[in-house]
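Structure first, commentary second.
Being a predicted model, the structure only gives us computed values, none of them experimental.
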Amino acid sequence: MEKRNRLIESAVLAVGIAVGLLVLGLCLKAGIDNFTNKDRQVTVKGLAEEEMPADMVTWPIQTKEMGNDLPQLYKKINETADTIKAFLMENGIKEKEISVNAPYVVDLEADQYSENKRDYRYNITNTITVTSSNVELVGELINRQGELLQQGIAIVDGGNVSYDLVSFPDIKPKLMSEAIKNAEKTAQQFAENSKSKINKIITADQGQFSIDNRDENTPYIKKVRVVTTITYSLKD
């Protein structure tokens with residue numbers, strides 16, 4: 001009986017040793033595989049871009065008056081501002097979309113070091129700014145600003161019209177998703193060429209976004225672009 005018990009204990013011990021060796025072998029294999037594959041990775045860039053119309057426009061309208069009678073110049077510049085506002089509102093611009101800056105006055109005689117003789121002392125510039133989401137309407141009025149000349153109002157060339165894409169935060173996730181998909185396609189192609197498969201993402205950035213005019217002639221069309229960089233690990 002005692003001999004039989006010793007045989008059973010020996011068998012159990014042998015089985016335990018065998019299982020332990022098996023587990024150890026699997027662990028060693030996994031470790032070797034990880035060591036072999038730890039530097040197998042690929043870094044790719046994903047690009048997504050889209051063209052879309054601007055949804056906000058800022059149009060500064062500048063006028064100028066010159067003369068020697070300051071109170072009279074103020075009166076004239078205010079009358080001009082009222083005429084411009086009326087023109088804008090009659091053609092669909094809302095009053096809340098119009099802002100009038102305080103007139104900017106330059107006293108040319110204040111430059112005591114200048115010896116140039118001038119026919120007038122004061123130079124007053126006034127700026128009326130239209131800020132609207134109705135980009136198409138504002139574009140039409142910009143082309144029609146010559147109508148103000150018929151009312152004796154000269155618009156000073158120098159106020160740059162700017163177009164913006166305020167809805168950018170809403171389209172950002174969609175573009176980012178497209179960029180990630182394109183990056184994954186590139187990584188998969190690389191993996192196929194190297195007879196492997198992409199595994200998990202090791203590193204990824206949030207993407208570099210840019211908004212530019214499509215070209216200098218169409219600043220109201222924006223080209224939105226995102227580039228993201230992603231590193232994938234590879235496996236057999």
Taking the side chain as C-beta and beyond, is there a heavy-atom pair between [X] and [Y] under 4.5 Å?
{"X": "V224", "Y": "I171", "result": "yes"}
{"X": "M89", "Y": "K94", "result": "no"}
{"X": "V226", "Y": "Q208", "result": "no"}
{"X": "V130", "Y": "V138", "result": "yes"}
{"X": "Y220", "Y": "P53", "result": "no"}
{"X": "V106", "Y": "L108", "result": "yes"}
{"X": "W59", "Y": "L141", "result": "yes"}
{"X": "E184", "Y": "I198", "result": "yes"}

I would like to know whether E97 and T131 meet side chain to side chain donor-acceptor pair (under 3.5 Å); could you show each step before the answer?
CA-CA 5 Å; E97 298 174 327; T131 304; over 6 Å; no
Is the side chain of [X] donor-acceptor paired with the backbone N or O of [Y] at a distance under 3.5 Å, no angle test?
{"X": "Q145", "Y": "I142", "result": "yes"}
{"X": "K222", "Y": "Y163", "result": "yes"}
{"X": "S233", "Y": "K200", "result": "yes"}
{"X": "S196", "Y": "E192", "result": "no"}
{"X": "N213", "Y": "E216", "result": "no"}
{"X": "S177", "Y": "K174", "result": "no"}

So which heavy atom on [X] is nearest to which on [Y], and how close?
{"X": "I124", "Y": "L70", "answer": "CD1-CD1, 3.8 Å"}
{"X": "A154", "Y": "L149", "answer": "CA-CD2, 3.8 Å"}
{"X": "V42", "Y": "A187", "answer": "CG1-CB, 4.3 Å"}
{"X": "A48", "Y": "A179", "answer": "CB-N, 3.7 Å"}
{"X": "Q62", "Y": "T127", "answer": "CG-OG1, 3.4 Å"}

Going through the distances and angles, do L165 and M52 end up as a side chain to side chain contact (heavy atoms under 4.5 Å, CB included)?
CA-CA 9 Å; L165 193 63; M52 54 191 62; 3.6 Å; yes
Ignoring hydrogens and geometry beyond distance, is a side-chain donor-acceptor pair present between [X] and [Y] at under 3.5 Å?
{"X": "S167", "Y": "D55", "value": "yes"}
{"X": "T63", "Y": "T80", "value": "no"}
{"X": "D205", "Y": "T228", "value": "yes"}
{"X": "T83", "Y": "Q151", "value": "no"}
{"X": "T218", "Y": "D215", "value": "yes"}
{"X": "N193", "Y": "Q189", "value": "yes"}
{"X": "T229", "Y": "K45", "value": "yes"}

Just verifying a value: how many Å separate [X] [atom1] and [Y] [atom2], rounded to the nearest 0.5 Å?
{"X": "D119", "Y": "M66", "atom1": "CG", "atom2": "CE", "answer": "10.0 Å"}
{"X": "I61", "Y": "L148", "atom1": "CD1", "atom2": "CG", "answer": "7.5 Å"}
{"X": "I93", "Y": "I84", "atom1": "CD1", "atom2": "CD1", "answer": "13.0 Å"}
{"X": "L73", "Y": "N126", "atom1": "CG", "atom2": "CG", "answer": "12.0 Å"}
{"X": "I230", "Y": "I201", "atom1": "CD1", "atom2": "CD1", "answer": "5.0 Å"}
{"X": "S99", "Y": "I128", "atom1": "OG", "atom2": "CD1", "answer": "9.0 Å"}

Take atom CZ of R225 as the centre, draw a 6.0 Å sphere, and report whether it contains more than 12 heavy atoms from other residues, nucleotides or ligands.
no
Do [X] and [Y] land in one hydrophobic cluster if side-chain heavy atoms of ILVMFWY residues count as linked below 4.5 Å?
{"X": "Y120", "Y": "I77", "result": "no"}
{"X": "V227", "Y": "L175", "result": "no"}
{"X": "I155", "Y": "F87", "result": "yes"}
{"X": "V44", "Y": "L234", "result": "yes"}

Side chain to side chain contact (heavy atoms under 4.5 Å, CB included) for I211 and K223? Distances and angles first, verdict last.
CA-CA 6 Å; I211 304 176; K223 178 180 287 187; over 6 Å; no
Would Y232 and F190 count as a close aromatic pair, with their ring centres under 6.0 Å?
no
Report the C-alpha distance between K85 and E95 in whole Å, list the side-chain angles of each, state the deciding distance to 0.1 Å, and finish with yes or no for side chain to side chain contact (heavy atoms under 4.5 Å, CB included).
CA-CA 8 Å; K85 285 183 64 177; E95 186 172 9; 4.2 Å; yes
Assess whether a salt bridge exists between K181 and E178, defined as any Lys/Arg side-chain N lying under 4.0 Å from an Asp/Glu carboxylate O.
no
Could you go through the side chain to side chain contact (heavy atoms under 4.5 Å, CB included) check for N123 and T125 one step at a time?
CA-CA 7 Å; N123 184 339; T125 302; 3.9 Å; yes
